[in-house]
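Only this structure's heavy atoms are used, side chains among them; waters, hydrogens and symmetry mates stay out.
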Amino acid sequence: MSPHADGRRPAGRTAAAGVPLALIAALIAAVPAMGAPSGEARVVRTATLGDIPLGAFSNRLLPGTVADDRGVDLGGIGSDIYPAGRKGEFWTVTDRGPNGQIKVAGTKRRTFPVPGFDPAIVKIRVCGDTVKVLDAIPVTTSSGKPVTGLPNQQGRDEAPYDYNALTALSYNPNGLDTEGIVRAPDGTFWLVDEYGPSLVHVSARGKVLTRYVPKGLNLTGAGYPVVEALPSVLLHRKINRGFEGLAQLPGGDLVLAVQSPLSLPDTGAGEASRTTRLLRFSPKKKKTVTAEYAYRFDPVNVVDPSEDDTSELKISSVVAVGGDRLLVEERTDKAARLQLVRLDRSSNILGSNWDDDTTSPSLEQLDDPAASGVPVLAKKLVVDLGTVAGVPGKIEGVARVDHDTLALINDNDFGMTDGAGAFDADGRLVDSGVETTVSYVRLPQRL
């Protein structure tokens with residue numbers, strides 16, 4: 001299906017009207033990029049997603065799933081972006097849906113103002129300065145029911161609440177916080193999820209075929225097959241910081257990025273650490289993890305000069321660029337840098353003592369992992385996006401357009417902000433004004 005806007009537009013939004021897109025595109029193409037000397041990366045195209053009411057979008061996919069969208073528009077599709085084959089077309093994926101945090105009696109509660117929202121795979125086309133939705137595929141259980149974006153397990157995931165953080169919601173073992181996406185040659189999709197964390201194989205029409213989770217997770221009650229195939233050390237993922245990036249190598253292997261360092265042996269160690277992990281998964285060889293790599297962030301003030309909190313470092317995207325080479329996006333919410341790494345066989349730590357959660361000090365506690373004999377992946381800076389004019393904040397998806405051009409997409413969080421002021425007295429969204437944007441960045445060198 002192809003959902004379209006229904007005409008509702010929040011206050012403060014504007015849109016160009018009456019000018020043919022072809023003319024706009026021609027005018028943009030005729031104007032040379034300004035503000036960036038030759039030899040530097042620069043934005044060469046920007047396109048924005050228009051307003052599509054979330055309830056209308058969701059109910060066209062799965063009728064009756066959203067009773068009240070509280071004035072929220074479709075957003076969050078910037079969790080990842082993957083080329084769809086035709087020029088200007090991409091597959092994207094939403095995350096778990098509109099969510100925020102509100103303090104109640106001094107404790108932060110996780111809110112889900114549209115609890116019926118179901119994560120979706122969304123196909124888009126960049127047309128001039130506009131992002132158009134071409135198709136959308138709901139992610140469902142084996143029987144076609146919505147998986148929802150609600151947390152899975154009490155005691156392991158944050159407790160879910162309604163929009164005002166006063167009414168508790170139920171956990172859902174089917175729920176997925178989808179992030180990365182790639183499309184396999186057979187037309188199926190692979191997604192990664194933050195809750196498990198998990199790797200999810202999805203049919204061409206969105207049904208979950210298998211969800212691969214860490215050994216020992218003991219997730220029960222799901223409406224699709226769940227297989228414990230990932231290292232048990234991943235049970236120590238930080239809350240809301242499971243798998244975030246996903247890449248498909250030329251031979252078909254998948255690379256999964258843990259967004260942040262594991263909480264090993266405890267939360268404090270994970271918050272202070274700059275070492276996270278990448279996993280290599282073979283869909284062909286018994287569908288199992290075949291390698292694991294230690295990845296070392298740069299200091300947080302190098303990635304983002306305005307930030308001094310190491311726990312703000314995240315990997316949000318990994319992109320295959322030929323052979324065993326990857327672009328890895330290191331970011332905070334305000335800045336991002338793309339590093340080039342090669343997945344060297346000699347750097348494989350799978351099954352080593354670093355996968356044993358009783359090892360002390362843990363991998364995450366090492367101030368200098370390389371000095372302790374850990375084969376940390378070597379990396380080379382490709383571009384500091386924080387220095388490129390026109391790149392929005394919170395870039396979560398990166399795709400390769402051609403040999404020297406990347407497509408970036410931001411996560412606009414469905415226009416939500418944290419705090420009790422996210423909704424007005426009538427329970428309607430006070431929109432942040434942040435739009436979903438696709439930006440093309442041309443690099444000064446070939447990838």
Side-chain angles (χ1 to χ4, degrees), residues 76 79-80 93-101 108-112 114-121 138-142 145-161 168-181 189-202 206-246 254 256-264 267 270 276-277 279 281 289 314-316 396 411 413-414:
S79 288
D80 203 7
V93 65
T94 70
D95 56 22
R96 57 185 169 179
N99 69 93
Q101 287 186 314
K108 288 182 179 180
R109 291 181 174 180
R110 179 64 59 182
T111 63
F112 290 81
V114 190
F117 173 79
D118 188 60
I121 296 166
V139 182
T140 67
T141 65
S142 299
K145 295 181 179 179
V147 299
T148 81
L150 294 170
N152 300 156
Q153 296 175 302
Q154 185 174 2
R156 176 168 171 76
D157 299 317
E158 294 171 298
Y161 286 85
L169 302 174
S170 298
Y171 290 86
N172 185 344
N174 293 314
L176 295 171
D177 186 2
T178 44
E179 295 293 343
I181 182 172
F189 296 94
W190 290 91
L191 311 173
V192 287
D193 150 77
E194 294 210 63
Y195 286 141
S198 53
L199 173 67
V200 188
H201 194 197
V202 176
K207 289 187 179 182
V208 175
L209 301 173
T210 310
R211 182 179 182 183
Y212 299 92
V213 301
K215 296 172 184 176
L217 182 64
N218 298 318
L219 178 65
T220 59
Y224 45 68
V226 176
V227 177
E228 294 189 354
L230 308 181
S232 61
V233 72
L234 297 175
L235 294 174
H236 295 276
R237 65 97 175 97
K238 180 179 176 180
I239 289 177
N240 294 335
R241 300 283 183 91
F243 291 139
E244 179 89 1
L246 177 65
L254 304 173
L256 299 65
V258 183
Q259 184 179 21
S260 295
L262 301 178
S263 296
L264 263 181
T267 300
T276 191
R277 304 173 189 232
L279 275 72
F281 182 94
V289 174
K314 309 159 191 172
I315 290 178
S316 276
E396 289 200 1
D411 178 8
D413 292 320
F414 291 82

Step-by-step side-chain hydrogen bond (donor to acceptor under 3.5 Å, both in side chains) determination, Arg156 to Tyr195: CA-CA 9 Å; Arg156 176 168 171 76; Tyr195 286 141; over 6 Å; no
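Residues satisfying the ring pair (Phe, Tyr, Trp, His ring centres under 6.0 Å) test with Phe243, not counting sequence neighbours, are none. Not counting sequence neighbours, the partners of Pro138 by the side-chain contact (heavy atoms from CB on, under 4.5 Å) test are Leu61, Leu62, Asp118, Thr140.
Panel note: side chain Glu194, backbone Arg241; a donor-acceptor pair is recorded below 3.5 Å.
Ile181 has its side chain within reach of Phe189: a pair of non-hydrogen atoms, C-beta onward, lies under 4.5 Å apart. A heavy-atom distance below 4.5 Å is not found between the side chains of Glu158 and Arg109. Between Val202 and Trp190, the closest side-chain pair of non-hydrogen atoms is not below 4.5 Å. Side-chain atoms of Thr267 and Ile239, non-hydrogen and from C-beta on, never get closer than 4.5 Å to each other.
Here Arg211 pairs with Asp193 in a salt bridge; the nearest charged N to carboxylate O distance falls below 4.0 Å.
For the residue pair Asn174 / Thr141, no side-chain donor-acceptor distance below 3.5 Å is found, with atom types taken as modelled.
Ring orientation note: the planes of Phe414 and Phe117 are nearly perpendicular, at an angle over 60° on the 30°/60° scale.
Pairs engaging residues 220-240 under the ring-ring contact (aromatic ring centres under 6.0 Å, His included) rule: none recorded [sequence neighbours left out].
Here the two rings, on Phe281 and Tyr212, have centers that are under 6.0 Å apart.
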